[in-house]
Amino acid sequence: MRDLILPFLFVLFGAGGVAAQTASPYWGYAAIERTLNARIGARGDSFQMYMYVGPGPVSLLGTYQGGAFRNGLPSPTNLMLWKIAMTGIARDIAKTCMAQEQERFNAEFLAAVSHLCRWPAASAQTDAVLEDLWLALMGYSAPEEEYLAWRGFLKSDYMQKLDAGQAVTAMATAILMNPHFLLRK
Amino acid sequence: MKNTISRRQFIQFAGAGTLTYFLPGLPGLRAQNAATNDHFFLQLFVPGGFDSSLLFDARPLAMTQAGLIHNYPGKEPVKWEGTNGQWTWASPFAEPLNALKNELSICNGLLMAPSFDGHDQNTNYYLSGNPFGGDCFLPHLNEYGTKLPIDAALNQMLFATIDNGGNMVPMDYYTLQTLIEKLKADAPLDMNDPLWQFISGRYKENAELAPAGMFSRGSAMMMRSLPTAAALESIVKQIKLGSTTGDSTAFLYVVGELFKARIARTAIFSPSFQQQVDCHDVNSAKNHHLVAGALVDYIVKTVAFLKATPFDGTRSLYDVTTVSITSEFSRTMRQAGRKIDDTGTDHNNLTNTIILCGKGIKGGLVLGESDFRVVGEQLSGAHKKRDLQTVKSMGKPFDFSTFKPRADLPEEYDYRNYLHVHSVVNTLYELFGVPKTKWRAPERDAPPSPVLKPLLA
C-alpha cells in the first residue's frame with residue numbers, strides 16, 4: 001500500500017533557476033520507462049523506475065508536476081538514483097543469461113542478449129552482436145561516435161576479463177547511463 | 001571496486017572541489033572549511049493551519065465568556081513573559097515547554113499572505129515569499145557556505161509550488177531505509193572503476209562538444225555530479241538507522257544522520273496528527289487542543305533528540321541546528337453566526353506564530369503581538385477592513401527600532417507598519433549568510449523586511 005501512496009506524497013518541487021533554461025534536463029522517469037518498455041519490455045509496464053529506486057525518490061528523476069517539468073537537471077542526488085536504477089536494469093538484463101527475469105523482456109531483445117551470454121567468446125564480440133544490443137537499448141538516439149566509443153570500451157582489457165554476467169551488466173550500464181539516453185536534446 | 005572515499009575526504013572534496021561548479025562567482029566561499037560551516041536548519045511545519053490561540057497566542061477566558069473566542073477546554077491561559085519585557089498569553093497546553101522557556105523565542109502577530117487565505121498560498125508565502133510559489137528559502141540556506149548535496153530532506157508532502165526544489169529530497173525513514181538497502185546491494189559507484197571512468201568520459205566528451213549548447217551543458221552537469229554522487233552514495237550507505245521503528249518521530253533519526261553526515265543542510269518535518277488540523281467543523285475545533293498537545297510533544301521530543309544526539313566529539317545536534325516551528329497561518333477566533341460553544345474555526349492569514357530555537361537564536365524572547373486581546377478592545381481601521389466579520393486577530397503594528405508592538409491603530413494597512421513573516425525568514429537568511437539580494441520584501445519595490453536583530457544570539 002505504501003508503494004502506491006508514496007509517489008503521491010511528495011512535493012511539487014522543480015529544479016528551476018537559470019541553469020534550467022540553459023541545460024538539457026533528463027527525459028524524466030516516465031519517458032525513460034516508456035522508452036525501455038517499448039524497446040526491450042515484454043509489456044508496457046515491464047520496467048518501472050520505482051521498483052529500482054523506491055517510490056519516494058522516483059520523482060527526483062524528473063517528472064511533470066504542477067504544469068512544469070520538475071527535478072530534471074542533473075545533480076549528485078539524482079545521478080546516484082539513476083545509477084541505482086540503471087545498474088539494476090542492467091543486472092536484470094544480465095540475469096536473462098541465466099534464464100532469470102526473461103518474462104520481462106521481449107523476444108527480440110532476449111535474442112540480442114543471448115549472443116552476449118557467451119562473453120568473452122569471440123562470437124559474443126562481433127560487430128553485429130554488439131550493434132544489436134546498442135540499437136536495442138539506445139535506438140538511434142546517439143551519434144555513431146558514441147557507439148564507436150562504447151564498442152572500443154568493450155574491447156578493453158577490463159571488459160575482456162569479465163565473465164558474461166559482469167560484462168553484460170557493464171555494457172548495458174554504459175548505454176543506459178549515457179547522456180544521449182538520459183538527457184533531452 | 002571498493003569505494004575508499006571517507007566522510008572527511010568527501011567533505012573536503014565537496015567543499016573545496018565540487019563547489020567550484022556549484023557556486024560560480026563565489027570563489028571566496030568555495031574553499032570554506034566544512035567544519036566552520038556546520039549549521040543546519042530544521043523546520044517543524046504543521047500543515048492545515050494551527051490555531052495559535054491554543055499555544056502562544058491565547059486569550060483569557062473572559063473573551064470566551066463574552067462570545068469572542070472559543071475555548072473548548074475551558075482553561076485560563078497564563079502569562080508567558082519574555083526576557084525582553086514582552087509577554088503573551090500561553091495556553092495550559094504549552095506548560096511542558098516551560099522547561100525550554102529560556103531557549104524558545106516566540107514570534108507572534110506575523111502577517112502572512114496579505115490577500116490570500118488558502119493553505120497553498122500561505123504555505124507558498126512562508127516558503128517562497130510569494131502566494132503563487134517560487135524559490136523556497138531552504139535551498140538558499142545551503143548556497144552561501146559549503147554546499148551540501150541535499151538542500152532539504154522532507155518526510156511528507158507539502159502543498160507548495162517550489163521552483164528550486166531539485167535537491168529537496170523526499171527522505172522519510174522508510175525511503176532512506178530502502179535507499180540504504182538498495183545501495184548496499186549495489187556495486188559502489190567507484191570512480192576508479194574503468195566502467196565509471198568510461199561513463200564519466202562520455203559525459204566529458206559530450207560536455208566539450210558544443211560547450212554553449214544545452215545538451216553539452218547537461219552532460220557537463222552530469223560529469224560534475226558523478227564524483228559527488230559517488231561520495232554521497234558512500235556516505236548514505238554508512239548511515240545506520242538502527243532498529244528505530246517507523247514511529248512519528250523516526251524522521252528525526254533520518255535528519256540526525258543526514259546532518260551528521262553533512263549530506264543535507266535543512267529538513268522539513270511535517271508531523272502527523274490523529275486529529276484534523278484544519279478544523280472548520282465544530283468537532284475538529286473541539287479536538288484542536290489535542291493537536292496542540294501533540295505538537296508540544298513533538299517540540300519537546302525534537303529538542304530533546306537534538307540535544308541528546310552528538311554531532312561530533314564536542315557538539316550536539318542542537319548546537320549546530322536552528323529550529324523553526326510554525327504552520328501556514330493561524331485560525332479565526334470563531335465562525336460568524338455560530339454560538340461560541342458550537343463553532344469551528346477558519347483560516348486566519350492576518351496573524352501567525354513562529355517559535356525559534358537552537359543555533360544562532362537568542363532564546364527567551366517574545367516578539368510581536370496580535371490584537372483583539374481583551375474584551376472591548378478597539379480594533380484598527382486596517383484590521384476591520386481586512387476582517388469584515390470581526391472574527392480574526394491581526395498582527396499589531398510593530399516598531400522596528402525598538403522591536404516592540406505599537407499601540408496606535410492605523411486606519412489603513414501599510415506594510416511598513418507590520419511584522420511580516422518575511423522578517424523571520426530574513427533573520428534566518430542573516431544567520432546563514434544569505435546575501436541581501438535574496439532577502440524578502442513585503443511588496444514589490446519595497447525594501448527587504450527588517451531582520452529581527454534581538455533574535456540573533
Side-chain angles (χ1 to χ4, degrees), chain A residues 2 6 8-17 19-26 52-57 59-60 66 68 70-84 87-88 91 145-146 149-150 152-153 156-159 169-170 173-174 177-180 182-185, chain B residues 14 18 133-136 149-150 154 156-172 174-176 178-179 182-183 186-187 189 193-196 198-199 201-203 205-207 213-233 236:
Chain A
R2 187 173 189 85
L6 274 173
F8 299 99
L9 288 186
F10 299 117
V11 189
L12 306 181
F13 284 137
Q21 293 149 17
T22 56
S24 288
Y26 296 122
Y52 293 95
V53 300
S59 65
L60 294 173
R70 313 277 183 183
N71 304 331
L73 286 178
S75 72
T77 308
N78 58 33
L79 208 54
M80 178 180 77
L81 295 170
W82 277 119
K83 177 257 177 182
I84 296 172
T87 54
R91 275 198 304 274
E145 290 77 11
E146 283 301 319
W150 176 77
F153 172 63
S156 68
D157 289 346
Y158 167 78
M159 286 298 293
T169 301
T173 300
M177 290 298 293
N178 189 288
H180 291 276
L182 289 175
L183 294 181
R184 301 180 192 201
K185 295 180 184 172
Chain B
T18 311
D135 275 6
C136 177
I150 293 175
L154 319 166
Q156 62 165 283
M157 76 177 291
L158 287 170
F159 290 102
T161 304
I162 301 300
D163 291 337
N164 60 341
N167 281 314
M168 297 181 79
V169 182
M171 194 65 77
D172 65 11
Y174 293 106
T175 301
L176 184 58
T178 305
L179 197 55
K182 287 183 181 296
L183 285 170
D186 207 1
L189 200 174
D193 185 320
L195 170 63
W196 291 102
F198 170 73
I199 291 169
R202 299 322 304 154
Y203 297 160
E205 191 141 324
N206 281 285
M214 289 179 67
F215 183 77
S216 286
R217 289 185 184 205
S219 294
M221 292 175 83
M222 294 178 84
M223 178 186 76
R224 295 191 297 255
S225 296
L226 196 62
T228 315
L232 179 62
E233 180 186 278
V236 172

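Below, chains carry the letters A, B, ... as their sequence lines are ordered, and counting in each starts from 1.
Taken to the nearest 0.5 Å, the OH atom of Tyr158(A) stands 5.5 Å off from the CZ atom of Phe153(A). Distance check: Cys136(B) SG to Ile162(B) CD1 gives 4.5 Å after rounding to the nearest 0.5 Å.
At least one side-chain heavy atom of Pro25(A) sits under 4.5 Å from a side-chain heavy atom of Arg184(A). Looking at Arg224(B) and Tyr203(B), their side chains never come closer than 4.5 Å, going by heavy atoms from C-beta outward. Inter-residue side-chain proximity for Lys83(A) and Leu226(B) is flagged as unmet; no heavy-atom pair is nearer than 4.5 Å.
When all heavy atoms of Ala174(A) and Leu195(B) are compared, the closest pair comes out as CB-CD1, 4.0 Å.
Counting heavy-atom pairs under 4.5 Å between each of Lys185(A), His180(A), Arg91(A) and chain B puts His180(A) at the top. With chain A as the partner, the residue from Thr178(B), Leu179(B), Asp186(B) showing the most heavy-atom pairs under 4.5 Å is Asp186(B). The greatest number of non-hydrogen atom pairs below 4.5 Å with chain B, out of Ala149(A), Gly88(A), Gly54(A), is found for Ala149(A). Taking Met177(A), Glu145(A), Met159(A) one by one and counting their heavy-atom pairs under 4.5 Å with chain B, the maximum is reached by Met177(A).
Both the backbone and the side chain of Thr173(A) come within less than 4.5 Å of a heavy atom in chain B. With a threshold of 4.5 angstrom between heavy atoms, Leu60(A) approaches chain B through side-chain atoms but not through N, CA, C or O. Heavy atoms closer than 4.5 Å to chain A are found in the side chain of Ile199(B), but not in its backbone. Within the 4.5 angstrom heavy-atom criterion, no atom of Trp82(A) approaches chain B. With a threshold of 4.5 angstrom between heavy atoms, Thr87(A) approaches chain B through side-chain atoms but not through N, CA, C or O. The part of Tyr52(A) that comes within reach of chain B is its backbone (N, CA, C, O), which places non-hydrogen atoms under 4.5 angstrom from that chain.
With Glu233(B) contributing its side chain and Leu189(B) its backbone, the two residues share a donor-acceptor pair below 3.5 Å.
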